[in-house]
Number of protein chains: 2
Amino acid sequence: MNVRPESNTSSTPPPHLPDEGHTQSQSQRARNLSHVHPADVTLSDALTALADPVRRTIVKELAGGPDWTRACGTFDLPVTKATRSHHFAVLRQAGVIEQRDAGSRRLNRLRRPEFDAAFPGLLDLVLSERRADPGES
Amino acid sequence: MNVRPESNTSSTPPPHLPDEGHTQSQSQRARNLSHVHPADVTLSDALTALADPVRRTIVKELAGGPDWTRACGTFDLPVTKATRSHHFAVLRQAGVIEQRDAGSRRLNRLRRPEFDAAFPGLLDLVLSERRADPGES
DNA sequence: TAAAGTGTTCGACGGAGGTCGATCACCATG
DNA sequence: CATGGTGATCGACCTCCGTCGAACACTTTA
């Protein structure tokens, strides 16, 4: 699963449009923010995305509060901001989260209903996992 | 996830006993056959095991027939028997399958009820995935 | 404009894991 | 006992990916 933005070399164009018909005042950074709808995500990518403990921590923390209330930097993760940014990109490309720029910060939202529709029970499985577990593989 | 048999160096001994109280005539090869109950498997290991497309093919083929009817060599997989053996070991250590020796062959069984109890919906997700998909990641 | 805060990108590194050929162990059959 | 079949094990190779520091881009605030 390549995360780089120029890796959109898929043979079949994705059917789900980003629904950004509004030519609203969009920040510069948001232009590089490509999203993938859960319906266009393979099971391989979904499982791979959620197989990482750091990414599951993000998902669980995100589910603990309302949408659009957590910026990337507010998560308690044992990695640097570079790795952090990487994990958020993977989750975004796997259709797990949605991101939106708010000033200099990037707010997040768990795509609960869409992802549940595409992979029923998978998010519940992650959210029912007990917190922390620092010694796991 | 180490698969080697001597890697049983876990700090906490697993609670689920293999239930092999029968001192029945057991083949020599079966002595090296260590199983892990799905209840003792972490979500990380479960997701990692099912994230591989070859292993998901095994699971899907296994679900297509009755228990104990498919030997390891009867699966249609695009890998050599060495890699094949590796994947079966990973699935066994993740509590997904159970294996039993029958003569010179090793028969397999999908641990449907136990695994469903430990990770509800996960197997259904895999089994509902469309077959083949040779070009996926 | 300068400085601080937030997040991404880049290049590099290291470990984990999927893959293979070769070999070995066990079982069945002649 | 010899042969063939099945599957595990070993060592090696190679790709993928999680990780980091450094640099960069954008935004806000002083």
Do any side-chain nitrogens or oxygens of [X] fall under 4.0 Å of OP1 or OP2 in [N]?
X: B:Ser104; N: C:dA28; result: no
X: A:Thr80; N: D:dT19; result: no
X: A:Thr83; N: D:dC20; result: yes
X: B:Arg105; N: D:dG7; result: no
X: B:Arg55; N: C:dG18; result: yes
X: A:Ser85; N: C:dT8; result: yes

> Would A:Arg56 and A:Asp52 satisfy salt bridge (charged side-chain N to carboxylate O under 4.0 Å, His left out), going step by step from the backbone distance to the final call?
Replying inline: CA-CA 6 Å; A:Arg56 281 200 308 278; A:Asp52 186 277; over 6 Å; no
Sort me out a list of protein N/O and nucleotides 2-4 of chain C N/O pairs below 3.5 Å, or just none if empty.
none

>> Can you give me the closest heavy-atom contact between B:Leu62 and B:Leu110, atom names plus distance?
In response: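 Heavy atoms only, the tightest pair is CD2-N, 3.9 Å.
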>> Looking only at the side chain of B:Val79 (C-beta and beyond, no hydrogens), which of the listed nucleotides D:dT19, C:dC20, D:dG7 gets closest?
In response: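 Of the options given, the side chain of B:Val79 lies nearest C:dC20.
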> Between A:Lys81 and A:Pro78, which is nearer to the 5' end of DNA chain D once each is assigned its nearest nucleotide?
Replying inline: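 It is A:Pro78, whose closest nucleotide lies nearer the 5' terminus.
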> B:Leu33 CG to C:dA25 C1': how many Å, rounded?
Replying inline: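 From B:Leu33 CG to C:dA25 C1': 14 Å.
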>> Without decimals, in angstroms, what is the distance between A:Arg92 CZ and C:dT9 C1'?
In response: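 Result: 13 Å.
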> If you look at every strand shown and take non-hydrogen atoms under 4.0 Å, does B:His87 touch a base, only sugar-phosphate, or nothing?
Replying inline: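 Sugar-phosphate contact only.
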>> Is there a salt bridge (charged side-chain N to carboxylate O under 4.0 Å, His left out) between B:Glu129 and B:Lys60? Walk through the geometry before answering.
In response: CA-CA 9 Å; B:Glu129 185 189 22; B:Lys60 284 182 274 190; 2.9 Å; yes
> Do the side chain of A:Gln93 and the main chain of A:Ser34 share a donor and acceptor less than 3.5 angstrom apart?
Replying inline: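 Flag set: sc A:Gln93 to bb A:Ser34 pair under 3.5 Å.
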